[in-house]
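Presented below is the structure to which this report refers.
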Amino acid sequence: MVEVNLWSGLRKFTDGAEVVEVEGRTVGQLLDGLVAIHPGLAPVIESGISVAVDGEVITGGRNTPVEPDSEVFLMQQIKGG
Amino acid sequence: MAKDEITKDFKWIGTTPDRPDGLDKVTGRARYGADFNLPNMLYAAVVRSPHAHAKILKIDASKALALKGVKAVVTRADLPTGLTGEDLYLQENTLAGEKALYDGHAVAAVAATSQLLANDAARLIEVEYEVLPHVTDVDKAMAKDAPVILPDCADHTVPEGMGPNVARMIEFGRGDLEAGYAEADVVHEQSYTTEATHQGYIEPHAAVGQMGSDGKGEMWVCTQGQWFIRKMCSAVLGTDPAQLRVTPSEIGGGFGGKTTIFMEPLPLALSRKAGGRPVKLVMSRSDVLRATGPTASASMDVKMGMKKDGTITAAEVTFRMQGGPFPGASPVGEALSCAFACYDIPNLMHVGYEVLANRPKCAAYRAPGSPMAAYAVESMVDELCRELSLDPIDVRLKNGVKEGSRASYGPKFKTIGLAETLEAAKAHPNYAVKLGPNQGRGVASGFWFNHGGETSVSLAISEDGTAQVSVGTPDIGGSRASIALMTAETLGIPYENVRVNIVETGALGVNEPTHGSRATFASGKAMWEAANQAIKEMCKRAAQKWDIDPEAVTWKDGAAHPAGDNAGQFEPMSIKEIAAEMGKTGGPISGHHESTPSGAGPSFGTHVVDVEVDPETGRVTVLRYLVTQDAGRAIHPQYVEGQYQGGAAQGIGWALNEGYIYGEDGKLQNSVFLDYRVPVASDLPMIDTVIVEVPNPGHPFGVRGVGETGITPPLPAIANAIHAATGARLRALPMNPPAVLAAIKAMA
Amino acid sequence: MRYHAPATFDEAVSIAAAASGVTRFLAGGTDVLVQLRAGSVTPDDLIDLKKIPGTHEITALPDGGWRIGIAVSGAMLGAHAQLVADWPGVVEGMELVGSTQVQGRATLTGNLCNGSPAADSVPGLVAAGATVTILGPNGSREVPVEQVPVKPGKTVLEPGEIITAITLPPRGTKGGDAYLRFIPRTEMDIAVVGCAVSLTREGDTITAARVALGAVAPTVLLDEACAQAIIGTTLDDAALDALAGAASRAAKPISDKRGTKEFRVEVAGVLARRAAKIAYERAAK
Amino acid sequence: MSKMHVTATVNGDEVEFLADPRETLLDCLRDHLDLTGSKEGCGTGDCGACSVMLNGRLVPSCLVLGVETDGATIETIEGMAPEGALHPLQRKFIEHAALQCGFCTPGFLVAAKALLEKNPDPSESEIRYWLAGNLCRCTGYDKIVRAVQDAAAEMRGAA
């Protein structure tokens, strides 16, 4: 299981939880797992988010591997100038 | 890559040779967006709404079409229906549908055999409007009784009971704010506002487009990202991206403003309607200011608690930003994530609202959101430092993030260089200059994430052992030079033997634009992978010739060498020798790499500015200016400095005199450079720089993006300096002379 | 649009008299071309006055005054050492109009005829007591510069009338003038407030003065109270305070995109004080 | 509307073109003579990207009508390195990295050349004020000023 840290605005979709334990070995599996547990997160994830894995902000890579002890954060999507 | 694997011994990296495109750009030969013509070409003009918010009742183009030489008129009716989300907003912004949503919103476009004729024809297109109530101010747009711009714009994040223009709400934080404030010796709370500013690139948008009835098209355009142009134009026009070939011209500045589309689908739409004749469309400066993508205006609340020793115990922000009439355009998410990124604070809360307003659709502008956030937060830190008589650099060193700190937006930082920039600022002679009467010094730090993004690069060895690199990131500030330097370094060949080409969409896989400070980082990293592929192939060719195992060959100084004594005794085989025979030894030698690279390390910077304020007029003169910023590794130090200096200059403009001015009628009042006041040469001093190098472990040469961070600290640094000079605290931008004089008078 | 390049002023007047649509004259062109470009004014007839002989000349008059041709650009004005020595304030007002490039084109006459209350070259001309020669279908007349602008964008010129020259009076000895304006940047702006002072000294005492204010009223103001505040004084602190107060009282500005009303009132006084000091120093030389 | 015939000398060559009276000199250079080195950044004389020399005087070519230039002598960026050898200013702009996007560069070079012809030893302040009508949004002007100073020094040494 990997601990996924959510931003606090998402708590309303997760019964108040800010950290959700999800099964998965890639970013994509984690996101799918999150939606399976808390379907309310689906529109948020579909509308575009960034994921930080061990301090690395990943914009697109659903296939990025995740270790059980990885630190995973969902973040607002970041655009640049 | 481990830190100790990053070498410091370079032959080319860190040197400052002439840029490859220098000659073209000093002789007038370089071809920008408007410098391109095709046979049988038509010229386009656009009809724009004179109203901030109006229902379009009728568009009558019959008089225009009756003019001899007018070949096509397009309106929204010529574009496909059924689009949703961002595609719909792009289409809506290209040509207004039922309503014009801001002053300057395009309503129709016309193509004719000359520019003058097209302009005449545009004036003959009659549009009937029903003017609607409008709102341009962000706080007024938040109100419950504000005019409705887009019905039901709110997404799932917006709580019940908000005003009709609130499109999105963001909330994140950690710790216990109340406990944090209870620990503090001083707690301050203030509000700040910033006005919208424009990137102000000197080259107006320009494109030549051609499209047949078969949907196949060509386009020449000034852009930061030819694939984005391809994707977005295709979406708006309902055509296939692969059928549109987009060639980027040289680009006369972008700063984020040329990462999206505004008028670009119009030449294609007009061409399609005019029997496939190519159509050229060039914006005027006024069009650029009214109808391209400035940054958001912001209204921001900050609360922060600090102990007597300078420890920040808790902080929170509420940001309200308008991004124009469509959701998703404001940088409020980025602003929140940047707000406290420089600080390690245990108790934090961020709240943000995206608000629609009758203003142009915002685009990215250099570190989108970060400068506004810094203006609020770095001003507040300064207010607390002054109240507690603490040195602003020491307080930032005390609270500043370092490797392993948990970022305000969640994850832990890897190797970063904020402390190094602060130390460099403190050690710089500018920080010790004694100031005279009416003079003051301001300090602020800033942050930008940096970005990897979809990247494709190919590299080919020529028959003579020189190399060409095809990249998809337009060269906006010297990236041909930096990529050529890294190529020379990787292959071990002279810099002059490398040619870097910025190629069209048909020549490579998808690339994101030159944005997010990614060109040198991402295209450079992909080039390195591609070059290593080519090197591997060249080692293989040498191994075949020597009849040894390919693994027993290494590459050094532009030649294949036997890996060691056991590999055999052979003279090194140079790239020139290998290339000369490549046709006979297995064919062309090249490499390519496609990825969405990770490892874009953030860049932190610290600025120190001295100003003098004329107490009788409120005029602020910038006396000296220092930028210290972490580049990771400066590939071509002059162009790194250039990014620092340019970012500082744009920030100074934003701080002092730039800003959109809307009248009561909702019309933009300053749509020319006379009144939209970017800094001129005589407004600025030399801008001193210190390139701090804390190598980024996510890049083979340690590169961090350097383009964006530099615009972030100037806004608060100047506000802090004005306060130091006058005692007046300016909490609204721009801090122009009337505002500064009024603030000084208000203290008396 | 028809373009005409007449060889004489009389020809220019007759072209204008015969024109029925929108007519514009081209001296420097820095306003006309901007309007043309923006599509805000497209004249039916554009009459280029620059090809008329003499329009590029600066002529010393027998009485010590100067006649300035209507096509003399700011750059030409600034390069004329004797004129600069006599009327530095007039010249510096013109030299503040636009960039170095615009200086190669813009003219005093054009700046005046544009009718902007913020025109930088006009307060200096008004303070100097300059006059213009106007030629029209009914002959020629001489008008003081302060009477040329009537309201923003409108001048005293009747249809078909043109200015043929600007005349500056003799400077005489012990005279000095100065023009200062306030803009938010250091260059490339139009005055938020402008002030020109022209004065004459006998010893340390000011015997005559004219003070003009720009951008604080619908037209450039020639203010008698400002002049009276310093005439008969040695420009001591009391006189400067009186001048600043008079200038601020004379200012009746509006708030607009270039500055607030309060700011303009305040800074009118500041600039009057500073310009008077410079003019006073110059008069001693 | 009928076009007018214009004969002028551009970069030493006699040229002829037909201009609509509403076309600016900049339009004529770019569209009729294919001299696209001069750029339009504003069309209102505020950015300097279209700077050319007209009868020996620095002007914004967007504020000159093409039809006015009958008989005139015009120099543009394309005439700055006539035999291929760069002018010292052009070389110094490259050496000092005084350009990023390069769009404003032709205008800066034409304006700076006019400055050095008038004043071979300008101070930093004189350079900044002379070039105040040339907007650059990329560099912050620092490297441009240094390039002009360095070119001026070299040209003084050579004189």
Side-chain angles (χ1 to χ4, degrees), chain B residues 45 47-48 115-116 118-124 195 284-287 290 614-622 652-653 656-664 667-685 734-746, chain C residues 1 30-31 33-42 96-102 106 116 118 120 180-195 215 240-241 244 247-248 253-275 277:
Chain B
V47 180
R48 297 184 180 280
Q115 188 63 59
L116 290 167
N119 297 348
D120 288 343
R123 280 190 277 272
L124 290 175
E195 195 30 89
S284 69
R285 176 55 49 185
S286 171
D287 291 344
R290 285 168 77 204
D614 180 341
E616 290 185 317
T617 65
R619 173 202 289 291
V620 175
T621 302
V622 179
I652 291 167
L656 293 178
N657 283 309
E658 290 180 40
Y660 270 43
I661 303 170
Y662 279 94
E664 287 295 313
K667 293 184 193 185
L668 183 61
Q669 298 196 335
N670 55 338
S671 66
V672 291
F673 271 142
L674 181 64
D675 295 313
Y676 183 84
R677 300 186 177 99
V678 305
V680 303
S682 49
D683 291 340
L684 298 175
M735 300 179 283
N736 59 26
V740 174
L741 188 63
I744 293 171
K745 296 225 158 252
Chain C
M1 186 176 91
T30 53
D31 292 310
L33 264 76
V34 170
Q35 292 162 359
L36 188 61
R37 194 68 172 174
S40 57
V41 182
T42 304
L96 286 170
V97 175
S99 61
T100 317
Q101 287 85 340
V102 168
S116 166
D120 272 308
L180 290 177
R181 64 156 180 196
F182 188 85
I183 55 171
R185 292 182 290 189
T186 51
E187 273 283 354
M188 302 303 295
D189 267 309
I190 289 174
V192 178
V193 185
C195 180
L240 286 167
D241 287 347
S248 287
I254 54 167
S255 290
D256 66 9
K257 63 187 172 188
R258 298 204 171 98
T260 60
K261 184 176 168 191
E262 298 72 25
F263 180 80
R264 286 183 157 121
V265 167
E266 176 78 22
V267 173
V270 172
L271 292 189
R273 185 193 287 269
R274 292 179 182 179
K277 281 190 197 170

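In what follows, chains carry the letters A, B, and so on, assigned in the order in which the sequence lines appear, proteins first and then strands, with residues in each chain numbered from 1. This is a predicted model, so every value here is computed, not measured.
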Between B:Ser284 and chain C, with a heavy-atom cut-off of 4.5 Å, which part of the residue counts as in contact: side chain, backbone, both or neither? neither
Using a 4.5 Å cut-off on heavy atoms from C-beta on, say whether the side chain of B:Asn657 contacts that of B:Pro737. yes
In terms of heavy-atom proximity below 4.5 Å to chain C, should B:Arg285 be classed as side chain, backbone, both, or neither? neither
Pair count under 4.5 Å, heavy atoms only, with chain C: among B:Lys745, B:Arg677, B:Glu616, highest is B:Arg677
Less than 4.5 Å to any heavy atom of chain B: does that hold for the side chain of C:Arg258, its backbone, both, or neither? both
Donor-acceptor check, side chain of B:Asp683 to backbone of B:Val680, threshold 3.5 angstrom: yes or no? yes
What part of B:Ser682 lies closer than 4.5 angstrom to a heavy atom of chain C: side chain, backbone, both or neither? both
Portion of C:Leu271 that has a non-hydrogen atom of chain B nearer than 4.5 angstrom: neither
C:Met188 to C:Gly98 - nearest heavy-atom pair and separation: SD-C, 4.2 Å
Portion of B:Asp287 that has a non-hydrogen atom of chain C nearer than 4.5 angstrom: neither
Here the pair of heavy atoms bringing B:Tyr676 nearest to B:Glu658 is OH-OE1, 2.6 Å
Looking at every heavy atom in both C:Arg264 and C:Ala215, which two are closest together, and how far apart are they? NE-O, 3.3 Å
Is B:Leu741 close to chain C through its backbone or its side chain, or both, or neither, when contacts mean heavy atoms under 4.5 Å? side chain
With a 4.5 Å heavy-atom cut-off, do C:Pro184 and C:Asp189 have their side chains touching? yes
Measure C:Glu262 against the heavy atoms of chain B and call it side chain, backbone, both or neither at under 4.5 Å. neither
Are the side chain of C:Ser255 and the backbone N or O of C:Lys261 linked by a donor-acceptor pair below 3.5 Å? yes
